[in-house]
Amino acid sequence: SSLPELQRDCLTPSRHVLEQCQSFGAQAQDLSALMSRIGLAGKLIARRLSRAGLMENVLGFAGNTNVQGEAVKKMDVFANQVFISVFEKSGLVCRLASEEMAEPYYIPENCPIGRYTLLYDPIDGSSNIDVNLNVGSIFSVRVQQGEDQEQTGADLLQNGRQQILAGYILYGPATVLVYSLGKGVHLFTLDPSLGEFILAQEYVQIPEHGPVYSTNEGNFWQWEDSIRDYVRYVHRHEGYTARYSGALVGDFHRILLEGGVFLYPGTRKKPEGKLRLLYETAPLAFIAEQANGRASTGTEPILDLVPTSLHQRSPIIVGSREDVALVESFIQNPR
Ligand code: AHG
Ligand code: MN
Ligand code: MN
Ligand code: MN
């Protein structure tokens with residue numbers, strides 16, 4: 001950003017949200033406070049990750065399996081709890097829904113209740129934790145519809161266009177926070193000496209096309225023929241390069257900045273794919289569309305999908321408009 005140094009250093013995510021809302025009404029204040037809490041959670045997780053090898057009980061497995069059927073890492077448990085601790089007494093939320101919890105966590109009666117629900121993937125890319133590679137957190141905020149008396153969370157099962165705020169934190173060489181309120185995508189870098197996320201880039205746009213295709217080719221024989229034909233096409237044509245880190249947030253962030261396409265299609269074993277709609281593919285689809293990119297299941301926009309369950313999975317093809325369209329053309333015109 002071209003702002004003078006000092007002025008720019010005051011543009012934290014919560015301050016930026018107020019500017020984005022162009023109002024100082026109650027909802028603007030709430031969204032700004034939500035963003036501030038998300039930033040705090042990110043800082044607490046970044047701090048723990050940076051000391052992982054130096055502390056006991058940070059790395060390795062927790063010993064249990066989550067609702068996804070995955071072996072849970074200690075860092076998954078810690079990060080899940082960080083978001084609960086940071087939001088529980090904020091007065092901003094009524095529920096928290098996470099990859100790591102089978103059912104939403106309802107804020108206890110003795111705490112102030114808000115109208116928002118935070119849906120989140122506390123650590124995305126858990127397989128990278130113990131080898132010190134990039135991981136992320138993904139967040140999505142929805143407004144509660146109705147009263148949810150029976151605490152079923154049924155009103156959460158709406159399409160991704162109901163998200164009012166979405167984004168992610170990437171714990172890489174730098175810790176970066178990316179968010180959108182539906183008015184463009186904005187990028188902040190954590191300045192550890194300040195303990196603040198500082199605005200780095202506004203209105204990020206995914207290039208129309210990029211050289212990267214990002215997918216786990218270990219699933220090659222699990223895919224539909226059409227996906228195999230797409231990958232054979234990029235193998236045969238100049239100008240493509242494969243990048244895959246095993247952590248969605250890192251792979252997506254590369255596509256956001258440099259263009260290309262990330263795809264996690266359905267497989268024979270998991271026809272709906274591996275990634276979860278409410279706190280992985282829908283928030284990233286929101287970001288992608290706000291950055292002038294595309295996010296598709298292969299046949300329809302991810303943001304149009306109406307989930308039938310909290311942990312529902314969806315295929316995802318996301319990135320540059322041209323590259324997503326190319327993958328869709330193979331899917332929609334199989335040979
Ligand atoms: P999580 O660690 O939150 O369970 O997510 C892991 C996901 C995602 O980050 C990544 O893109 C994908 O799993 C990698 O799956 P494969 O190992 O099957 O490629
Ligand atoms: Mn997981
Ligand atoms: Mn994840
Ligand atoms: Mn996760």
Side-chain angles (χ1 to χ4, degrees), residues 41-42 45 49 52 59-83 96-102 118-140 166-172 178 212-223 227 231 242-256 260-288 295 297 302 307 310-319:
I45 293 166
L49 286 167
L59 296 175
F61 290 93
N64 58 307
T65 303
N66 64 13
V67 66
Q68 321 288 341
E70 300 166 342
V72 177
K73 292 282 183 76
K74 291 173 187 165
M75 197 66 207
D76 287 320
V77 175
F78 171 80
N80 189 60
Q81 186 55 48
V82 163
F83 280 92
L96 293 158
S98 153
E99 176 203 349
E100 301 303 334
M101 300 190 288
L118 179 79
L119 299 105
Y120 64 107
D121 177 0
I123 291 287
D124 171 68
S126 307
S127 62
N128 282 359
I129 295 169
D130 296 352
V131 293
N132 190 39
L133 290 177
N134 61 283
V135 292
S137 299
I138 306 172
F139 56 86
S140 168
Y168 56 85
I169 297 162
L170 173 58
Y171 308 101
V178 175
V212 169
Y213 75 101
S214 183
T215 192
N216 182 344
E217 297 199 33
N219 294 330
F220 189 83
W221 293 109
Q222 296 284 330
W223 291 331
I227 302 291
V231 170
R243 290 286 183 276
Y244 193 72
S245 76
L248 170 62
V249 166
D251 290 329
F252 178 87
H253 194 64
R254 180 197 299 279
I255 301 286
L256 176 74
V261 61
F262 172 93
L263 51 156
Y264 205 110
T267 62
R268 251 203 288 280
K269 276 185 287 186
K270 290 185 175 146
E272 290 307 298
K274 171 182 183 181
L275 300 176
R276 285 60 52 124
L277 177 57
L278 277 168
Y279 41 79
E280 287 179 312
T281 59
L284 295 190
F286 188 82
I287 294 290
T297 61
I302 290 215
L310 190 61
H311 300 292
Q312 173 173 325
R313 299 169 194 262
S314 87
I316 181 169
I317 299 154
V318 62

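Atoms within a ligand are numbered from 1 in the order they appear, just like the ligands themselves. For reference, positions follow the sequence shown, starting with 1.
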_I want to know if ligand 1 touches D124 in the polar sense, i.e. an N/O pair below 3.5 angstrom._
yes
*Under the 3.5 angstrom rule, does the side chain of D124 hit a backbone N or O of V249 as a donor-acceptor pair?*
yes
*Proximity of E99 to ligand 1 by residue part, where a heavy atom lies under 4.0 Å*: side chain
*asked:* When you measure from the heavy atoms of V249 to every atom of ligand 1, does any distance fall below 4.0 Å?
replied: no
*Measure R276 to ligand 1 on non-hydrogen atoms and call it side chain, backbone, both or neither using the 4.0 Å cut-off.*
side chain
_Proximal ligand 1 atoms for N216, defined as those under 4.0 Å from one of its heavy atoms_ = 16 (P), 18 (O), 19 (O)
*Backbone of I255 reached by a side-chain donor or acceptor of R243 within 3.5 Å*: no
*For the Mn ion (ligand 2), find the closest N/O/S atom belonging to E70 and write down its atom name.*
OE1
*T215 side chain to E217 main-chain N or O, any donor-acceptor pair under 3.5 Å?*
no
*Under 3.5 Å: N/O of D251 near N/O of ligand 1*: no
_How far is atom 18 (O) of ligand 1 from the closest protein heavy atom, and which atom is that?_
Y264 OH, 2.6 Å
*Proximal heteroatom of E280 relative to the Mn ion (ligand 3) (N/O/S)*: OE2
*Could you confirm whether E99 has any N/O/S atom lying under 2.8 Å from the Mn ion (ligand 2)?*
yes
*K74 side chain vs A62 backbone, donor-acceptor pair below 3.5 Å*: no
*asked:* Any nitrogen or oxygen of G125 lying under 3.5 Å from a nitrogen or oxygen in ligand 1? Just yes or no.
replied: yes
*Protein heavy-atom partner closest to atom 19 (O) of ligand 1 - residue, atom, separation in Å*: Y244 OH, 2.5 Å
*Would you mind running through ligand 1 and noting each atom that sits below 4.0 Å from a heavy atom of K274?*
12 (C), 13 (O), 14 (C), 15 (O), 16 (P), 17 (O), 18 (O)
*For this output row, return yes or no: ring centroids of Y120 and F139 closer than 6.0 angstrom.*
no
*Just distances here: any N/O of S127 and N/O of ligand 1 closer than 3.5 Å?*
no
*Can you name the closest pair of heavy atoms from D130 and G60 and give their distance?*
OD1-N, 3.1 Å
*asked:* Parallel, tilted or perpendicular: which one describes the rings of F262 and Y244, with boundaries at 30° and 60°?
replied: parallel
*Spell out, as yes or no, whether a donor-acceptor pair under 3.5 Å connects the side chain of T267 to the backbone of Q222.*
no
*For F262, is at least one N or O under 3.5 Å away from an N or O on ligand 1?*
no
*Short list, please: which atoms of ligand 1 are under 4.0 Å from a heavy atom of G246?*
9 (O), 10 (C), 14 (C)
_Sidechain-backbone polar pair: H311 side chain, Q68 backbone, donor-acceptor under 3.5 Å_ = no
*Is any N, O or S atom of D76 under 2.8 Å away from the Mn ion (ligand 2)?*
no
*Which atoms from ligand 1 have a heavy atom of D121 less than 4.0 Å away?*
3 (O)
*Would you say the side chains of D251 and S245 form a donor-acceptor pair under 3.5 Å?*
yes
*For ligand 1, which atoms, with element, lie under 4.0 Å from some heavy atom of L248?*
8 (C), 9 (O), 10 (C), 11 (O)
*Atoms in ligand 1 flagged as close to E70, the criterion being non-hydrogen separation under 4.0 Å*: 4 (O)
*Quick check: does any side chain N or O of H253 sit under 3.5 Å from a backbone N or O of Y168, one acting as donor and the other as acceptor?*
no
*Are a donor atom and an acceptor atom from the side chains of Y264 and T281 found within less than 3.5 Å of each other?*
no
*N/O/S atom of D121 under 2.8 Å from the Mn ion (ligand 3), yes or no?*
yes
*Which ligand 1 atoms are under 4.0 Å away from a heavy-atom of A247?*
9 (O)
*Quick one: which ligand 1 atoms are inside 4.0 Å of a heavy atom on L275?*
7 (C), 8 (C)
*asked:* Would you say S314 and T297 are linked by a side-chain donor-acceptor pair, where the criterion is simply a distance under 3.5 Å?
replied: no
*Donor-acceptor contact present, side-chain R313 to main-chain L275, <3.5 Å*: no
*Specify which N/O/S atom of D124 comes nearest to the Mn ion (ligand 3), by atom name.*
OD1
